[in-house]
Amino acid sequence: MKYDMKSMKAEEFINDEEILATVAYAQEHKDDIELIDNIIEKAKLRKGLSHREASVLLACDNEEKIKEIYDLAEQIKKDFYGNRIVLFAPLYLSNYCVNGCLYCPYHMKNKHIPRKKLSQEEVAKEVIALQDMGHKRLAIEAGEDPVNNPIEYILECINTIYSIKHKNGAIRRVNVNIAATTVENYRKLRDAGIGTYILFQETYHKKNYEILHPTGPKHDYDYHTEAMDRAMEGGIDDVGIGVLFGLDNYQYEFAGLLMHAEHLEAVHGVGPHTISVPRVKKADDIDPNEFDNSLSDEMFCKIAACIRIAVPYTGMIISTRETPQVREKIIRLGVSQISGGSRTSVGGYAEEERPHDTEQFDVSDNRTLDEVVNWLMRAGYIPSFCTACYREGRTGDRFMSLCKSGQIQNCCHPNALMTLKEFLIDYATEDTRKLGEEMIEKEIGNIPKEKVREIVRERLVKIEQGDRDFRF
Ligand code: SAM
């Protein structure tokens, strides 16, 4: 198999030989300061880096250069994403699964977890609970099971989610994290009005992938790896990729992840909308120590910084798998979206107490959404509940051109402030509201166009009077 970024065959665009050569090249050049300086200079142009270049930076252990990499990641994040952090929550629909993934407690052989699938009434209850927290954006999650969770079930749930309007609440964007499927099914998801289609590769290492997925449809590495091409063929132009860090060595995964992004850009003219960086966590019958590729928090943050400068236009997501301390550090280095107030069990939001029986993994950040919002503002970030882009048709390359045009500050920034205002009025505690009002007042001044500032001020008053859902 020969490496070919434009090939539609998994083993050619994610090519084992090319990854091994990349990792070896990065090791060989990790002390080559001249080369590292050149790569950092190239990264400063904000046009991204190749997987080879980025891998050299990841391998570099010169403290001074690492600091330069971190500073640049922080600066690029500020330039493209400002100080906004978009919030979302996962919604688990069903833990029925026919796969045998060795790291996931939903694997078919696990007989001691109860299996649950939400009815439409239960979906509505979950959505109301999520709306009452203040969420506007969800990522729906389900195991793979053609009998219990067929595409019709997923579509019905999406429909239910969008239809619930409780008090001032509404879910305005549903992202979907379900198993690899057919072009026809992706088309149905597109027609149902989903935001991003998310699918984690888990590991790019084919042999290890096959061992980790011994049974079930997910065993097919090629079908899984080529899923994003089918999704794009089905008309979904916002796709989210990711690796489950800890399963294989991080250098291999890092190169694979960037090669995947390069492939999507080369073939479809638009790279991934988001990159997620989950790490394997303890779960029902899963001990993460069984996978001997765990990485330190320090290396985890370095990976995030290198992703940030390698693909400057791609959003980065971090979940509640991570502790508040790691989240704070990694947000600074490039993450643009985080989950908050999450429950990873089927039907978890409608329960008073956090249920553990059907949890997919242990959550390390147990704070409420209000606490997360409060914490973000104290750290200098604007919590954003914006869902405007895809509702305004700014997906795929149209979103990328917004990023590249520098108009984000006249568009995303005001949207963040207006959706924050809605949260403050409808859901926040007294302390959060006070902090938020101060933040909005201060941040209005950072909208470049006078006219936009004026419109925002008018709309903020209208939000106070009861209107909702303004957007640019
Ligand atoms: N079933 C779908 C699939 O196979 O792609 C997607 C949904 S699954 C509920 C979401 C993701 O959770 C998986 O892709 C995997 O990366 C992650 N996951 C599974 N087990 C995990 C664990 N023990 N710790 C952390 N993340 C885990």
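From a predicted model like this one, the values you see are computed outputs, not experimental measurements. All ligand and atom numbering here is 1-based and tracks the order in the structure.
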Legend entry - Proximity winner for atom 27 (C) of ligand 1, if only heavy atoms of Arg321, Glu359, Lys281 are counted: Arg321

Inset, instruction - Pick, from Leu247, Asn177, Ile286, Ile178, the option with the minimum heavy-atom distance to atom 7 (C) of ligand 1. - result: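 Of the listed residues, Asn177 has the closest heavy atom.
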
Inset, instruction - Please state whether the rings of Tyr252 and His205 are parallel, tilted or perpendicular, taking 30° and 60° as the class boundaries. - result: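 Tilted.
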
Legend entry - Geometric class of the Tyr3/His51 ring pair [parallel <30°, tilted 30-60°, perpendicular >60°]: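 Taking Tyr3 first and then His51, their aromatic rings stand perpendicular (interplane angle over 60°).
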
Inset, instruction - Please say whether more than 12 non-hydrogen atoms of neighbouring residues, nucleotides or ligands are located less than 6.0 Å from CE in Met108. - result: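 Result for CE/Met108: open.
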
Legend entry - Side-chain (Arg190) to main-chain (Gly193) donor-acceptor, under 3.5 angstrom: no

Inset, instruction - With Arg279 as the cation and Phe300 as the aromatic partner, state whether NZ or CZ is under 6.0 Å from the six-membered ring centre and within 45° of the axis. - result: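 Pair Arg279/Phe300 counts as cation-pi.
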
Legend entry - Per-residue contact class, Leu199 against ligand 1 - non-hydrogen pairs under 4.0 Å: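 The part of Leu199 near ligand 1 is the side chain, not the backbone.
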
Legend entry - Which segment of Phe200 sits under 4.0 Å of ligand 1 when only heavy atoms are counted: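 Phe200 to ligand 1: side-chain contact only, backbone stays beyond 4.0 Å.
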
Inset, instruction - Taking side chain to side chain donor-acceptor pair (under 3.5 Å) as the test, write out the residues that go with Arg321, two or more places apart. - result: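 For Arg321 the side chain to side chain donor-acceptor pair (under 3.5 Å) partners, ignoring immediate neighbours, are Ser319.
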
Any N or O on [X] sitting closer than 3.5 Å to an N or O of ligand 1?
{"X": "Glu202", "result": "yes"}
{"X": "Pro278", "result": "no"}
{"X": "Tyr103", "result": "yes"}

